[in-house]
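Notes follow once the structure below has been shown.
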Amino acid sequence: MNELGIMHDLASYRPVLCGTIPIAIDVEGSDLDIIMEVHDFDAFKQQVSSLYSSYGKYVLKEKTIRNTPVIKANFEYSGLEFELFGQPKPLEQQYAYLHMVIEHHLLLRYPHIRAEIIRLKQDGMKTEPAFAQVFGLEGDPYEALLAYGKELGC
């Protein structure tokens, strides 16, 4: 990340590393998820393409998730997978950020679950479904984790 200068080059979008790496539940093949607040998709697309399109497996996509437009760029650098994710909302309101905060809180509160979460991830399960399974949360694991976090005051 430092070699690429992502945090500096994309500073105007307030980039934050989210996901499994900051909370130490990453497994082999985990990517570096960097979320950002992006309102001008065209400018973001031009900047990201000029900076990272020469790297392996570069793909840029726009789509809508939960009625919110998002832009996502994926690429590989130095054996690591990067995902740059932007949407027009503050970082603190984005699901990736909220999930990470809740997961971190749960790991601190129940440190014995870390090994089980990592085992489930090594078996191919995504992070939020792994937490939902460990805590017996039903329904959509992404929504259930948010509700559980609110319940606990995270």
Heavy-atom side-chain contact between Leu120 and Phe131 under 4.5 Å:
no
For Lys150, what residues pass the side-chain contact (heavy atoms from CB on, under 4.5 Å) criterion, not counting sequence neighbours?
none
With Lys57 via salt bridge (Lys or Arg N to Asp or Glu O under 4.0 Å) - residues at least two apart:
Glu76
So which atom in Met36 and which in Ile34 form the shortest heavy-atom distance, rounded to 0.1 Å?
CE-O, 3.8 Å
Output the distance between atom CG (Leu152) and atom CZ (Arg109), rounded to the nearest 0.5 Å.
5.0 Å
Might you point out which heavy atoms bring Tyr58 and Ala73 nearest each other, and give the distance in Å?
CE1-CB, 4.3 Å
Heavy-atom side-chain contact between Tyr95 and Ile35 under 4.5 Å
no
So how far is it from Glu128 CD to Leu146 CG, rounded to the nearest 0.5 Å?
8.5 Å
ILVMFWY cluster, Leu32 and Val101 together (side-chain gap under 4.5 Å)
no
Leu98 CG to Glu103 CD distance, which is reported to the nearest 0.5 Å
10.5 Å
Would you say the side chain of Gln122 lies within less than 4.5 Å of the side chain of Glu28, judging by non-hydrogen atoms?
no
CG/Asp33 to CG/Leu84 distance, rounded to the nearest 0.5 angstrom?
9.5 Å
Applying side chain to side chain contact (heavy atoms under 4.5 Å, CB included) to Arg114 and Ile25, what does each step give before you reach the verdict?
CA-CA 7 Å; Arg114 183 178 304 275; Ile25 56 169; 3.6 Å; yes
What residues, two or more places apart in sequence or in another chain, satisfy salt bridge (Lys or Arg N to Asp or Glu O under 4.0 Å) together with Glu62?
Lys45
Which atom of Val134 lies closest to which atom of Ile113, heavy atoms considered:
CG1-CG2, 3.9 Å
When hydrophobic residues are tied together by side-chain contacts of less than 4.5 Å, even through go-betweens, does Val38 share a cluster with Leu91?
no
Mind checking what makes salt bridge (Lys or Arg N to Asp or Glu O under 4.0 Å) contact with Arg66, not counting sequence neighbours?
Glu143
How would you list, by chain and number, every residue that makes a side-chain contact (heavy atoms from CB on, under 4.5 Å) with Ile65, sequence neighbours excluded?
Lys63, Val70, Phe85
Would Leu145 and Leu106 satisfy side chain to side chain contact (heavy atoms under 4.5 Å, CB included), going step by step from the backbone distance to the final call?
CA-CA 10 Å; Leu145 189 60; Leu106 292 171; 4.0 Å; yes
Report, as yes or no, whether the 6.0 Å neighbourhood of atom NE2 on His105 holds more than 12 heavy atoms from other residues, nucleotides or ligands.
yes
Student check: side-chain heavy atoms of Thr127 and Met100 closer than 4.5 Å:
no
Whether the side chain of Glu116 engages the backbone of Ala130 through a donor-acceptor N/O pair (distance < 3.5 Å, no angle test) should be reported.
no
For Pro141, what residues pass the side-chain contact (heavy atoms from CB on, under 4.5 Å) criterion, not counting sequence neighbours?
Pro129, Ala132
Kindly list each side-chain donor-acceptor pair under 3.5 angstrom involving residues 1-23, sequence neighbours excluded, with atom names and distances?
from: Glu3; atom 1: OE1; to: Tyr77; atom 2: OH; distance (Å): 2.7
from: Arg14; atom 1: NH1; to: Glu37; atom 2: OE1; distance (Å): 3.2
from: Arg14; atom 1: NH2; to: Glu92; atom 2: OE2; distance (Å): 2.9

Checking Lys72 now: which residues fulfil salt bridge (Lys or Arg N to Asp or Glu O under 4.0 Å) with it, not counting sequence neighbours?
Glu83
Please enumerate all residues that pass side chain to side chain donor-acceptor pair (under 3.5 Å) together with Thr68, with sequence neighbours excluded.
none
Test ring-ring contact (aromatic ring centres under 6.0 Å, His included) applied to Tyr97 - qualifying residues, sequence neighbours left out
none
Once side chain to side chain donor-acceptor pair (under 3.5 Å) is applied, do any residues pair with Gln46, and if so which ones, sequence neighbours excluded?
none
For Phe135, check ring-ring contact (aromatic ring centres under 6.0 Å, His included) against everything at least two apart and list the hits.
Tyr110, Tyr148
Any link between Tyr55 and Phe44 through a network of hydrophobic side chains (Ile, Leu, Val, Met, Phe, Trp, Tyr) touching at under 4.5 Å?
yes
When you measure from the side chain of Ser50 to the backbone N and O of Gln47, does any donor-acceptor pair fall under 3.5 Å?
yes
Testing the basics here: between Asp40 and Ala43, what is the closest heavy-atom pair and its distance to 0.1 Å?
OD1-N, 3.0 Å
